[in-house]
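Structure, as structure tokens:
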Amino acid sequence: MSNLVMVMPYRAFVIKAREEGHRICAVWDPTLQTPDYLAGIADLADAFVLTDFADPVAFDRTVRQAVRDFDADLVYHIGAEESMLATYRIAEDLGKAVNPARSIELLNDKLQLRRLLAEHDLSPVRFAHAARWQDVPALLGGFDLPVVVKPTELAGSRGCTC
């Protein structure tokens, strides 16, 4: 059994971690979910902490305090990309990281990831980079349609076009 600080954990992840025998401290931003949803997470978790994910100083302080107060073995971020890298940098600094911060940085930067995979011949996906969205049409001539156009740093499918 281990003590986990889970940043932005969705209900299913808290339930699964508890089923696996872990104790959970959930860290959430109250502006990112409804009060009812957060109350449900609080009921499932052994500890529950709220902080402003958009305030880097408060976020850092809160996660570090949660790790100390909960005697956490590991820190795990499950939710949106915006706070993921900061979480893993804190976890790595504390020696509590599930994944190295560099891996999260690569996963969240589509261009860096594509370049790394191409450098090692690990991806069949062709890609091109446009510094500005206005440059995209000129790049499309070298591709068979359909194509997916993505921003390098937005989460999920935000900003994507086909």
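We count residues from 1, following the sequence as given. Because the structure is predicted, anything quoted here is derived from the model rather than measured.
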(request) Give a yes or no answer on whether the side chain of K96 reaches the backbone of V67 with a donor-acceptor pair at less than 3.5 Å. (result) no
(message) Using only atom types and a distance under 3.5 Å, with no angle test, would you say the side chain of D135 pairs donor to acceptor with the backbone of A130?
(response) no
Could you check if a side-chain atom of [X] sits within less than 4.5 angstrom of a side-chain atom of [Y], using non-hydrogen atoms only?
X	Y	answer
L140	V147	yes
Y76	V98	yes
M6	H22	no
D52	D29	yes
R126	D144	no

(request) To the nearest 0.5 angstrom, please state how far the CG atom of L106 sits from the CG atom of L117. (result) 8.5 Å
(request) Might you work through the salt bridge (Lys or Arg N to Asp or Glu O under 4.0 Å) test for E20 and K16, ending with a clear yes or no? (result) CA-CA 6 Å; E20 296 293 325; K16 183 63 176 171; 3.2 Å; yes
Over all heavy atoms of both residues, which pair between [X] and [Y] is shortest? Give the atoms and the distance, please.
X	Y	result
V14	I41	CG2-CD1, 4.4 Å
A101	R89	CB-CG, 3.8 Å
I24	A17	CD1-CB, 3.5 Å

(request) Show your working on side-chain hydrogen bond (donor to acceptor under 3.5 Å, both in side chains) between R115 and Q112 and close with a plain yes or no. (result) CA-CA 5 Å; R115 286 180 173 159; Q112 280 192 62; over 6 Å; no
(request) Only counting residues at least two apart or in another chain, list the ones meeting ring pair (Phe, Tyr, Trp, His ring centres under 6.0 Å) with Y88. (result) none
(message) Check the orientation of H77 and F53. Use parallel for under 30°, tilted for 30 to 60°, and perpendicular for over 60°.
(response) tilted
(request) Give me the other members of the hydrophobic cluster that F127 sits in, counting Ile, Leu, Val, Met, Phe, Trp and Tyr linked by side-chain heavy atoms under 4.5 Å, directly or via other members. (result) L111
(request) With salt bridge (Lys or Arg N to Asp or Glu O under 4.0 Å) as the test, would you mind laying out the steps for E105 and R102 before giving the verdict? (result) CA-CA 5 Å; E105 184 180 332; R102 178 68 177 142; 3.1 Å; yes
